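The structure appears below as structure tokens.
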Amino acid sequence: MSLSDRYHKTFQISWEQLQRDCRSLARRLVTRPWNRIIGIARGGLVPAAIIARELDVRLVDTVCISSYSLREQGELQVLKNIDLSGDPDRTLIVDDLVDTGRTAAFVRNMMPGAHFVSVYAKPAGHPYVDDCVDSVSQDTWILFPWDAGWGYVDPIGASVVR
């Protein structure tokens with residue numbers, strides 16, 4: 001099933017809204033003594049940076065997992081793994097969106113004791129997150145500010161033949 005068959009609504013997020021939502025999530029997390037944040041690349045990188053700033057966490061790492069092409073969701077591929085050492089109880093995993101939950105479940109299995117948050121979550125993804133700021137319907141495509149101009153903008157690399 002292609003992405004266009006699965007999504008019938010669009011919810012556009014501005015940079016200002018994303019900043020507000022990440023700060024709101026950080027307020028809920030500030031009482032825990034986090035020693036590192038892991039952002040799920042690519043979408044979780046910006047929220048992870050904002051939350052790291054708000055929580056004054058200096059150790060930020062990434063796990064790079066690919067599951068979406070520009071047209072459809074495919075198999076999960078780990079492009080860069082995370083260092084599994086350290087205290088998982090003090091590790092915060094951050095993503096922008098938990099949609100189907102496939103990526104979240106995969107990352108949770110990598111570090112089961114970590115706290116997993118997402119700025120936004122859909123019903124199928126909710127069971128995999130410990131907290132999120134907002135929920136959207138399963139058939140909604142969230143248009144993040146890095147994906148948009150006045151409308152959807154293809155990434156520059158999409159038109160380059162490699």
Side-chain angles (χ1 to χ4, degrees), residues 1-14 17-29 32 34 36-52 54-55 57 60-148 152 155:
M1 179 185 310
S2 74
L3 293 177
S4 61
D5 293 335
R6 291 179 51 204
Y7 302 106
H8 304 287
K9 302 175 205 163
T10 302
F11 179 50
Q12 187 163 357
I13 305 292
S14 68
Q17 184 65 48
L18 183 69
Q19 174 86 13
R20 280 191 301 271
D21 290 344
C22 289
R23 292 188 80 217
S24 175
L25 189 53
R27 279 187 199 92
R28 300 178 196 177
L29 301 166
R32 299 264 309 258
W34 309 108
R36 73 174 171 162
I37 291 176
I38 298 170
I40 299 178
R42 290 182 313 213
L45 296 177
V46 173
I50 295 168
I51 291 169
E54 297 301 332
L55 299 179
V57 175
V60 180
D61 195 2
T62 61
V63 59
C64 302
I65 298 178
S66 174
S67 66
Y68 284 94
S69 72
L70 291 175
R71 307 280 183 267
E72 60 189 348
Q73 188 171 20
E75 293 302 313
L76 294 174
Q77 295 179 319
V78 177
L79 306 174
K80 178 195 168 287
N81 216 330
I82 53 175
D83 176 3
L84 297 175
S85 64
D87 184 356
D89 291 334
R90 296 185 63 200
T91 299
L92 179 62
I93 299 172
V94 177
D95 206 354
D96 59 343
L97 167 69
V98 176
D99 188 331
T100 64
R102 288 179 56 225
T103 301
F106 189 84
V107 173
R108 271 199 169 289
N109 286 334
M110 294 169 80
M111 187 168 267
H115 193 78
F116 192 113
V117 298
S118 180
V119 184
Y120 309 104
K122 295 184 179 182
H126 263 285
Y128 302 99
V129 295
D130 295 307
D131 199 2
C132 71
V133 174
D134 204 355
S135 300
V136 297
S137 64
Q138 201 67 44
D139 66 343
T140 299
W141 180 263
I142 297 182
L143 190 57
F144 286 98
W146 49 83
D147 289 330
Y152 180 79

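What you see below is based on every heavy atom in this structure, not just the backbone, and it leaves out hydrogens, waters and symmetry mates. Remember, predicted model here, so these are calculated numbers, not experimental data.
Between the CD1 atom of Ile93 and the CZ atom of Phe116 there is a distance of 6.0 Å, given to the nearest 0.5 Å. Separating the OG1 atom in Thr103 from the CD1 atom in Ile65 is a distance of 6.0 Å, to the nearest 0.5 Å. Rounded to the nearest 0.5 Å, atoms CH2 (Trp141) and OG1 (Thr10) are 9.5 Å apart. Taking NZ from Lys122 and OG from Ser137, the interatomic distance works out to 7.0 Å, rounded to the nearest 0.5 Å. Between the CG atom of Asp96 and the CD1 atom of Ile13 there is a distance of 10.0 Å, given to the nearest 0.5 Å. Put simply, SG on Cys132 and NE2 on His126 are 4.0 Å apart, with the number rounded to the nearest 0.5 Å.
Here the closest heavy-atom approach between residue Leu29 and residue Trp34 is recorded as O-NE1, 2.9 Å. When all heavy atoms are compared, the tightest approach of Pro88 to Met111 is CB-CG, 4.0 Å. Nearest heavy atoms, Gly43 versus Asp95: C-OD1, 4.1 Å. Heavy-atom minimum distance, Ser118 versus Val129: CB-CG1, 3.8 Å.
Applying the salt bridge (charged side-chain N to carboxylate O under 4.0 Å, His left out) criterion to Arg108, with sequence neighbours excluded, gives Asp130. Among residues two or more places apart in sequence or in another chain, the side-chain hydrogen bond (donor to acceptor under 3.5 Å, both in side chains) test is passed with Asp83 by Ser85. With sequence neighbours excluded, no residue forms a salt bridge (charged side-chain N to carboxylate O under 4.0 Å, His left out) with Asp87. Partners of Arg27 according to the salt bridge (charged side-chain N to carboxylate O under 4.0 Å, His left out) rule, which considers only residues two or more places apart in sequence or in another chain, do not exist here. Scored by the side chain to side chain contact (heavy atoms under 4.5 Å, CB included) test, Ser14 finds Glu16, Gln17 as partners (sequence neighbours excluded). Applying the salt bridge (charged side-chain N to carboxylate O under 4.0 Å, His left out) rule to Asp89 yields no partners; only residues at least two apart in sequence or on another chain are considered.
Relative orientation of the Tyr120 and Phe144 rings is tilted, given thresholds of 30° and 60° on the angle between their planes.
Counting only distance, with no hydrogens or angles, the side chain of Gln138 and the backbone of Ala124 share a donor-acceptor pair below 3.5 Å. In this structure a side-chain-to-backbone donor-acceptor pair under 3.5 Å is missing from Trp146 to Val46.
Between Asp147 and Arg42, no side-chain nitrogen of the basic residue sits less than 4.0 Å from a carboxylate oxygen of the acidic one, so the salt-bridge criterion is not met.
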